[in-house]
Each structure stands twice: as structure tokens, then as C-alpha cells.
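Structure record follows, encoded as C-alpha cells.
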Amino acid sequence: MFSRTIARTVFTRVPTAVSSTPSLAVAASRTKRIHNNLPRGQYRAYHQKVIDHYQNPRNVGTMDKNDLSVGTGLVGAPACGDVMRLQIKVNDDTGIIEDVKFKTFGCGSAIASSSFATELLKGKSLDDALKIKNTVIAKELSLPPVKLHCSMLAEDAIKSAVKDYRIKKGKKTPTLGPDAVSPSTGARAAA
């Protein structure tokens, strides 16, 4: 379902001349670690929590976006091409988030950030959901600075989903159009 790309270590043969000399034969059989042009002995790897959420993502799926109890947030990062859709289902009586689903197209950190965010959201009120910051997600997943935008996407998706739900539920009244209400008087605008 998702195209998975996790950083893998590439091993290549050290280019040497073929010779009957034992030292050159040994040198030819040695491998050299090549990984993102980093100095020898250094490499980038995902934290185990990122790998866990990436390989076993929680709450993947979709909900009916036309359902009035479902809020949908769709955000993207033009710089890297990650796209994240997060949907929340809210109990209208209690205002508690009952279910959360996501679909993310992007790197392992983006998928892991989405998956972890869904776990944080379940059982929270809308106001508590808005208090979830990208720093909480980044710290829990041990994201490196180059991947912080993934946790920011998750935070933005949460805000967008809550905003969509509140608009559907009529928490905000329109200020333009036939259903407009004047913000100062509360009276309907003349049609």
C-alpha cells in the first residue's frame, strides 16, 4: 500500500587491480561503507521507534469526509513532497476524539510522525488535541533536525482536522453570503 524507503547501507567492492599478491587479493575482497557521502564510520539511521511506526503503522485508513462528525486535515511539504491526510471522528455529545485515521505519502519519518500523532489524539478533547506540538512528536521519535518538518506536518494536520470539524459543526458563522451574520450586532445581513 505504501512505498517504503528506509535508509539502507550499500556495500561496494573497493576497486583494486587483480593480482596474485595476497595483500592485493585481501584488499580487493574488503568492502567499503558508502552512505550519503558521509565520512568513514558515520551513517544516518532511523531510531527504533520510527522504524516500528513505519513498519507497523497504527490507524491507517480513511473515513467519510462528508460525515459531520469527521474532520479532515490535508497538508503537504513542497520541499520534500510529503503529503499527509489526517482524519478525526469526534463524539458530538462529549467532544472527545473517538477515532483517528491517516494516510501519508512520504518518507519513513513522515509516516511514523503521522502514526504516532494518531495514538496521541485518541481520547483527547479538541482543545487538548490543539496543544500537541511538533516538539512532542519529534522528541518521542528522536527525529534528527533534518526530519523535523515531518513532525511539523503532523502538527499542522491536527490543526487542520480540528478546524475542518469545527467549521462543519457550525462553530464559526459566515461573515459573507446569504447566511452571513454581522460580527458586531449578531443580526443577519440583508439579502
Side-chain angles (χ1 to χ4, degrees), residues 1-2 4 46-176 179-181 183-184 186:
M1 182 155 89
F2 287 105
R4 296 184 176 182
Y46 285 110
H47 190 274
Q48 186 57 41
K49 289 181 183 179
V50 173
I51 294 171
D52 179 43
H53 277 277
Y54 173 75
Q55 291 180 338
N56 306 300
R58 284 71 154 176
N59 306 306
V60 175
T62 59
M63 295 182 206
D64 180 12
K65 65 180 180 180
N66 296 320
D67 185 349
L68 292 178
S69 64
V70 173
T72 302
L74 181 65
V75 295
C80 66
D82 293 343
V83 178
M84 187 178 295
R85 181 177 63 204
L86 185 114
Q87 295 180 298
I88 57 173
K89 183 174 181 108
V90 182
N91 182 317
D92 294 329
D93 298 329
T94 62
I96 301 295
I97 298 171
E98 292 181 333
D99 196 14
V100 186
K101 298 287 183 194
F102 84 95
K103 268 198 176 174
T104 295
F105 298 94
C107 67
S109 295
I111 293 169
S113 294
S114 306
S115 175
F116 182 67
T118 63
E119 289 187 329
L120 290 176
L121 286 170
K122 277 191 180 180
K124 292 202 183 306
S125 69
L126 294 175
D127 292 331
D128 288 341
L130 291 174
K131 293 177 185 174
I132 296 172
K133 300 295 178 201
N134 72 301
T135 52
V136 173
I137 297 167
K139 185 176 181 182
E140 179 65 26
L141 296 175
S142 301
L143 295 178
V146 73
K147 292 295 185 178
L148 288 180
H149 69 279
C150 297
S151 62
M152 290 180 206
L153 272 179
E155 179 184 348
D156 291 344
I158 293 168
K159 289 178 182 177
S160 181
V162 170
K163 180 180 177 182
D164 182 58
Y165 171 77
R166 286 185 169 164
I167 288 171
K168 282 182 179 179
K169 295 313 278 183
K171 302 277 186 203
K172 294 188 177 185
T173 55
T175 56
L176 296 173
D179 297 326
V181 175
S184 57

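- In summary, Asp127 and Arg166 engage in a salt bridge, as defined by a charged side-chain N under 4.0 Å from a carboxylate O.
- Applying side-chain contact (heavy atoms from CB on, under 4.5 Å) to Tyr165 and the options Val70, Val90, Leu68 leaves one that passes, Val90.
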Checklist entry - So Ile88 and Thr118, side-chain contact (heavy atoms from CB on, under 4.5 Å) or not? Walk me through it. => result CA-CA 9 Å; Ile88 57 173; Thr118 63; over 6 Å; no
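- Across all their heavy atoms, Lys101 and Val60 have their closest contact at CD-O, 4.0 Å.
- What you find for His149 and Cys80 is that their closest heavy atoms are NE2-SG, 3.3 Å.
- Annotation: salt bridge (charged side-chain N to carboxylate O under 4.0 Å, His left out) contacts involving residues 138-152, sequence neighbours excluded, comprise Lys49-Glu140.
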Checklist entry - Please walk me through it: do Arg58 and Asp52 pass salt bridge (charged side-chain N to carboxylate O under 4.0 Å, His left out)? => result CA-CA 10 Å; Arg58 284 71 154 176; Asp52 179 43; 2.7 Å; yes
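- With a 4.5 Å cut-off on side-chain heavy atoms, Met84 and Leu74 do not count as touching.
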Item to check | Derivation and outcome, side-chain contact (heavy atoms from CB on, under 4.5 Å), residues Lys124 and Val100 | outcome: CA-CA 11 Å; Lys124 292 202 183 306; Val100 186; over 6 Å; no
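- Nearest approach of Phe102 to Ser115, heavy atoms of both residues: CE2-CA, 3.7 Å.
- At least one side-chain heavy atom of His53 sits under 4.5 Å from a side-chain heavy atom of Glu119.
- Listed by first then second residue, pairs satisfying side chain to side chain donor-acceptor pair (under 3.5 Å) with a partner in residues 64-85 read Asp67-Ser69, Asp67-Lys89, Thr72-Gln87, not counting sequence neighbours.
- Across Ala110 and Cys150, no two heavy atoms sit closer than the pair N-SG, 3.6 Å.
- The two residues Ala117 and Ile158 make their nearest non-hydrogen contact at CB-CD1, 4.2 Å.
- Annotation for Ile111 and Gly106: closest pair CD1-O, 3.8 Å, computed over non-hydrogen atoms.
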